Amino acid sequence: MRLSTVEFLLSEGWEAAVRNGLVTLAAISNTAVALLILGSLVLFGINVEHMAALQAQAAVITIELEEDADSGEVEKMLWANPLVGGVQFVSKEEALRRTAESVGLDAELLQIDTGDEPLFANPLPDSFIVRTTDPQDIPQVAREAGQIKGVAMVRYAQQLTEKLLALAQGIRISGVVVGMLMAVATLMVISTTIRLTIYARRQEIRIMQLVGATNWFIRVPFIIEGILDGLAGGAVAAAILLPIYSYVQDYVGKNLQFVDLIYSPEALLIFGLGLVLCGILFGAAGSLMGLHRYVRPA
Amino acid sequence: MRLSTVEFLLSEGWEAAVRNGLVTLAAISNTAVALLILGSLVLFGINVEHMAALQAQAAVITIELEEDADSGEVEKMLWANPLVGGVQFVSKEEALRRTAESVGLDAELLQIDTGDEPLFANPLPDSFIVRTTDPQDIPQVAREAGQIKGVAMVRYAQQLTEKLLALAQGIRISGVVVGMLMAVATLMVISTTIRLTIYARRQEIRIMQLVGATNWFIRVPFIIEGILDGLAGGAVAAAILLPIYSYVQDYVGKNLQFVDLIYSPEALLIFGLGLVLCGILFGAAGSLMGLHRYVRPA
Amino acid sequence: MIDLQSVGVRYPDGTEALRDIDLHIERDGFAFITGPSGAGKSTLLGLVYRNIVPTAGKVVVDGQDVAKLHPGRVPFLRRKVGVVFQEFQLLPRKTVWENVGFALDVVGAGRREKYHKVPISLELVGLAEKADAFPHQLSAGQRQRVSIARALVNGPPILLADEPTGNLDPDTSWEIVQLLLNINQQNTTMIVATHDREVVDRTNCRVVQLLQGYVVRDAKEGGKYDAP
Amino acid sequence: MIDLQSVGVRYPDGTEALRDIDLHIERDGFAFITGPSGAGKSTLLGLVYRNIVPTAGKVVVDGQDVAKLHPGRVPFLRRKVGVVFQEFQLLPRKTVWENVGFALDVVGAGRREKYHKVPISLELVGLAEKADAFPHQLSAGQRQRVSIARALVNGPPILLADEPTGNLDPDTSWEIVQLLLNINQQNTTMIVATHDREVVDRTNCRVVQLLQGYVVRDAKEGGKYDAP
Ligand SMILES: Nc1ncnc2c1ncn2[C@@H]1O[C@H](COP(=O)(O)OP(=O)(O)OP(=O)(O)O)[C@@H](O)[C@H]1O
Ligand SMILES: Nc1ncnc2c1ncn2[C@@H]1O[C@H](COP(=O)(O)OP(=O)(O)OP(=O)(O)O)[C@@H](O)[C@H]1O
Ligand SMILES: [Mg+2]
Ligand SMILES: [Mg+2]
């Protein structure tokens, strides 16, 4: 293609966007709204997933030892598992004291030493509290810890942990599914809108064909226009969404201590650029899909 | 208006929708997608709110009595509060047994009766477990119970309950806000789309005006067309969303026991009708807004 | 019936399309408007059905100053004025029959009235057999005749025709002109803008000639296309 | 250059627009096509720039069978054929200058070429001063002349004009026809569909007369609008 042609096609796309003021506005508006919804859902999903993961992070495994177990050996074995992230020893005395305290009993009372034989045998075993690097691995680590010699019983807040893990997992999966569906929905709205803008100018396309313009010569300005619309729509969506998100993040951080929204200027910037990129891609794809019907071999 | 005119306008709206096949499809498609998103969000919000409320429902208040309190009297006083939904008495012996069991101690051991004086004084008090009809009222009931003569201490899972309450409340408020924003977004998409369909036919509007059609005569068919598009879009959205929701509800019910999605055929039917109604309203509003620019005093 | 008093039209881009026009067409009168391309013929007709509002002077149609007309009343003025548009202005998604019927629809005519009048009107312009065709299925001359049929169908007291024979062969043109003259006999005030020398010269009617927005000649009767 | 062999065109709705047409226009030849409204003139021209594909027979343009042309090659055929459309077909969002320039844009002409050729072409049809106007700011006759300027601008070997003077006064019409004849002298094959009796009778060129889809007369030279 000659330079003048390239130049012509570019300026055509821009001119069309400008001279079609109202149609361009409509396309940008629909694109912006669609991307706004998509972006909000993505932000929401990311944060919910993040929170569920955080909660699961707090989950631990309690490993009770047999009466005569070698705690050092068990600890070594525990550390041997690469999934393990932390191990903390809790002696039987310590365990009793914690238990007693938790129900309001005086721990001293239970430990009165009456000589050779204690008044009351401490029924609690020595134990380890184990954390995993990834809460995901808790069930597996627990299972494997059960195999270690000297381990009497392995416990973890099975129900809670599994709930949280399932939740986080569910959010991740449904997030991807919903995200993809939303992306499709967004693309549909944008492409339908652009199709309508093209439909509104089908007569012009027809005239261009009559004068001998090739299909690509007709398409390129429309695609450029679609890209410009998408770019503008994405920028508008980002310009609306990001400040609102910052504000919400700030507000939530101050008023609901237990909810902690992700916030990092760089991440938000990337997110905003992502929206614009989506706009551009969807705009280009939308024009191509829209042109399909009106620009084809006569 | 004469009957023939009414008839004419109605058939005009219908004819236009049919003869404009492609444009009509575009309008229906955008309307359906927008309502689909709005509907999904509403369903999601309702369920999250419902779950948060359910969780909060499980919260209880524990009221510990003084050593010499008249438990019957306290119970009467508790019931006197209309916000109270249930009261359960837990004796000090019962409390000790439960506590002991929960940490794996043999309850019998602690209760060895060595004659006049127990080996070991039970440090736990008599108590009541109180439920409220509305978890919302827990803090207030707890405060009021503290005033009752004979009550030593009032406890409830303050943090958890307040979290859940705040969450449910937050979801409710933000649900209304987000829902309204989404409704506005949906309306914007629909009206912009319909505006584009009208734009595509601005020449026809112009011709009608030249031939002496009044503005209402031109508008009515477009509005009817908008209503039909909205109706069809709403119906499509409902036809897609409701089966998916039923399936998800069923799947979730079977696979994630702790999540319980709302399901009632009547409610879903009403919801579906609501979507269609939204479509109709938005379609009508969208056409009116779209017409504003092209149909006005010459 | 139609009265232009020192009328000027200046388009927003500065073009002076009409300047200081004084023109009076009595009730049931007839006038050809001639003049070269761009002389202002269509603009002059546009004034009468208030498609264009004069930027100077006054246009009075049937006793009403069109500039002072409430916007909501404009449709009612237009129903009194049948117009054959130079570029036809047919509704693309309506059949020939429906396009003609539309002029009756806007005045709230009943089904019976339409079924009575539309075929007569189509017959007059020789398009009865194309009643169910859509405009894009017609030749240009056929479209032009649909536009004529629509302007006639509800018997308006004023009829404006802008180059009504521009896409018609001489024979059909002559038939259409005779049709118009006939209608003029039946109490219809009429202005026909045309550049068809043959038609103008054969009819001996009033001829108003425009040039660059001015009336340069107004031959009351027995006018010829060009100045004598 | 243009060769129609037993060509028939039947539109999807069943209308027989052309029947069994045999017509040959040699290189640099000239022909008027006449005939009443709906005779098939526009359809015949449409065959040459492959707007319409014959349903019977064969259309050969510059040695190519248009029906066998690969769809992707159609634009290249159309660049060889300048067309003055009966209904102008101007791009509404482009100025007069840009509309004419567009015919050069499609062939990838450079800026210099455009700035050279477009003004010449506008000058030829007498529209130089309207270069920056948009189509809706023109009179119908001016729009028609823009369509003519666009058809001429890149000097196509074939030129088709469909009622090019339908909205022009006799003087301007005559100028345009002389312009077309001049261009024909400069190695351009040309077909002009018209119903302008005056123009046809004054020029003494070949006249092909259509009636209801048939060629009813083909007066090789010195043809008159009506049969002698
Ligand atoms: N797309 C179409 N579908 C169906 N019929 C058509 C179509 N286009 C034209 N016709 C019909 O074919 C016949 C020839 O049409 P055409 O446009 O070729 O006539 P024409 O000679 O150019 O007439 P005019 O002088 O009015 O322009 C007419 O009867 C017309 O109604
Ligand atoms: N909307 C407009 N904006 C600016 N100028 C206009 C507009 N409409 C018409 N003109 C100009 O006004 C002048 C008169 O136009 P008009 O359409 O009245 O001419 P006409 O006599 O009908 O010509 P024709 O015989 O070509 O139809 C022309 O120079 C034209 O360019
Ligand atoms: Mg005019
Ligand atoms: Mg034709």
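Computed from a predicted structure; not experimentally measured. Below, read A as the first sequence line, B as the second, and so on, with proteins coming before strands; counting in each chain starts at 1.
Neither the backbone nor the side chain of Leu181(A) has a heavy atom closer than 4.5 Å to any heavy atom of chain B.
For Phe44(B) and Phe44(A), the ring centers sit closer than 6.0 Å to each other.
Separation of atoms CZ (Arg195(A)) and CG (Leu25(B)) is listed at 8.5 Å; rounding is to 0.5 Å. Note that the CG atom of Leu196(B) and the OH atom of Tyr199(A) stand 12.0 Å from one another [nearest 0.5 Å].
Among the residues in residues 28-39 of chain B, those with a non-hydrogen atom closer than 4.5 angstrom to a non-hydrogen atom of chain A are Ser29(B), Asn30(B), Val33(B), Ile37(B).
Inter-residue side-chain proximity for Thr193(B) and Val189(A) is flagged as unmet; no heavy-atom pair is nearer than 4.5 Å.
Ranking Gln203(B), Met188(B), Arg202(B) against chain A, the residue ahead of the rest is Met188(B), based on heavy-atom pairs under 4.5 Å.
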